[in-house]
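Scroll down for the structure; my scribbles are underneath it.
Every heavy atom of this structure was used, including side-chain atoms; hydrogens, water molecules and symmetry mates were not. Remember, predicted model here, so these are calculated numbers, not experimental data.
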Amino acid sequence: NAGVTQTPKFQVLKTGQSMTLQCAQDMNHEYMSWYRQDPGMGLRLIHYSVGAGITDQGEVPNGYNVSRSTTEDFPLRLLSAAPSQTSVYFCASSYFEGAGEQYFGPGTRLTVT
Amino acid sequence: QQQVKQSPQSLIVQKGGIPIINCAYENTAFDYFPWYQQFPGKGPALLIAIRPDVSEKKEGRFTISFNKSAKQFSLHIMDSQPGDSATYFCAASMYSGGGADGLTFGKGTHLIIQP
């Protein structure tokens, strides 16, 4: 199993540009989520999904959209990038009942200039 | 409002010592308390976790101590090694509710084990 994969690994955007961060998992996990990690802030939940077709907002959802058309994929869209969205983004997945036991991807480091 | 407070922010321990990282939570609905270990350039990885029905859990050199009445839990690393140098995050979630709200993380502790 590849586990949780994320692409790209690094990305530089200009303010106002849009992009999609990709996340996929091959463990048949129902629960998937996106976190952002900022220095001294820990990890904060952006959006999550408890299954295909179902998504909900986390702690810091503004400026991001998600969709879940399949069990495997959970892309994160930045609609109009802002410097405040410079961060490292992690996708995670788990079996729904064990949503606390999450498996994290390797991360995408995004810089917005 | 920070629901999980973690301390210290950074910690330096000599090899063989016992680093201790502490966390306190506010939400009494939390019922699952994992610790994650993160190496530079990598995603966090689950290290050990505890439910509030036990006061201590050991896995190898790692031990979680849990004090439900004080709403505190801590990670101890026995016989620490330089390879344990990493950032450690405590977290909490409502496991029994499916944990749909995800994990609430502490801000992390940067641990260095000196040879």
Side-chain angles (χ1 to χ4, degrees), chain A residues 2-7 9-10 21 23 25 27 29-51 54-61 66 68 74 76 87-109, chain B residues 1-10 21 23-27 29-52 57 59 64 66 73 86-110:
Chain A
V4 179
T5 57
Q6 292 183 238
T7 56
K9 202 167 178 62
F10 301 95
L21 308 185
C23 173
Q25 53 90 10
M27 297 175 281
H29 285 167
E30 289 294 325
Y31 183 90
M32 296 186 74
S33 55
W34 278 101
Y35 292 86
R36 60 178 289 173
Q37 183 175 28
D38 302 293
M41 296 294 292
L43 291 99
R44 292 179 292 169
L45 183 65
I46 305 171
H47 285 285
Y48 65 93
S49 168
V50 299
I54 307 169
T55 64
D56 207 343
Q57 297 180 352
E59 179 186 355
V60 288
V66 292
R68 184 96 178 269
F74 190 43
L76 178 73
S87 187
V88 181
Y89 292 85
F90 290 99
C91 178
S93 74
S94 69
Y95 293 109
F96 180 65
E97 288 78 13
E101 302 174 21
Q102 297 192 34
Y103 295 83
F104 283 80
T108 293
R109 183 174 293 275
Chain B
Q1 179 185 2
Q2 183 189 0
Q3 295 193 56
V4 179
K5 294 184 179 179
Q6 182 172 346
S7 62
Q9 278 189 307
S10 61
I21 304 171
C23 283
Y25 63 97
E26 299 167 6
N27 188 347
F30 288 145
D31 59 3
Y32 179 74
F33 303 90
W35 284 89
Y36 281 79
Q37 180 187 54
Q38 184 180 30
F39 294 106
K42 304 292 185 183
L46 180 64
L47 186 63
I48 186 173
I50 197 168
R51 303 289 297 276
K57 183 175 181 180
E59 286 187 4
I64 300 179
F66 186 82
F73 58 110
T87 299
Y88 292 81
F89 293 96
C90 62
S93 74
M94 289 175 275
Y95 185 102
S96 58
D101 289 344
L103 289 162
T104 299
F105 282 89
K107 293 189 176 183
T109 296
H110 185 216

Contact class of A/Q37 relative to chain B, heavy atoms under 4.5 angstrom: side chain

Under 4.5 Å from any heavy atom of chain A - which part of B/Q38: side chain

Chi angles and distances behind the ring-ring contact (aromatic ring centres under 6.0 Å, His included) call for A/Y48, A/F74: CA-CA 9 Å; A/Y48 65 93; A/F74 190 43; 8.8 Å; no

B/F33: ring pair (Phe, Tyr, Trp, His ring centres under 6.0 Å) partners, not counting sequence neighbours: B/Y25, B/F66, B/F73

Partner residues of A/D56 under the salt bridge (Lys or Arg N to Asp or Glu O under 4.0 Å) criterion, sequence neighbours left out: none

Pairwise side-chain contact, B/S7 with B/T109, heavy-atom cut-off 4.5 Å (strictly under): no

Pairs of heavy atoms under 4.5 Å with chain A: top-ranked of B/A92, B/P44, B/G43: B/P44

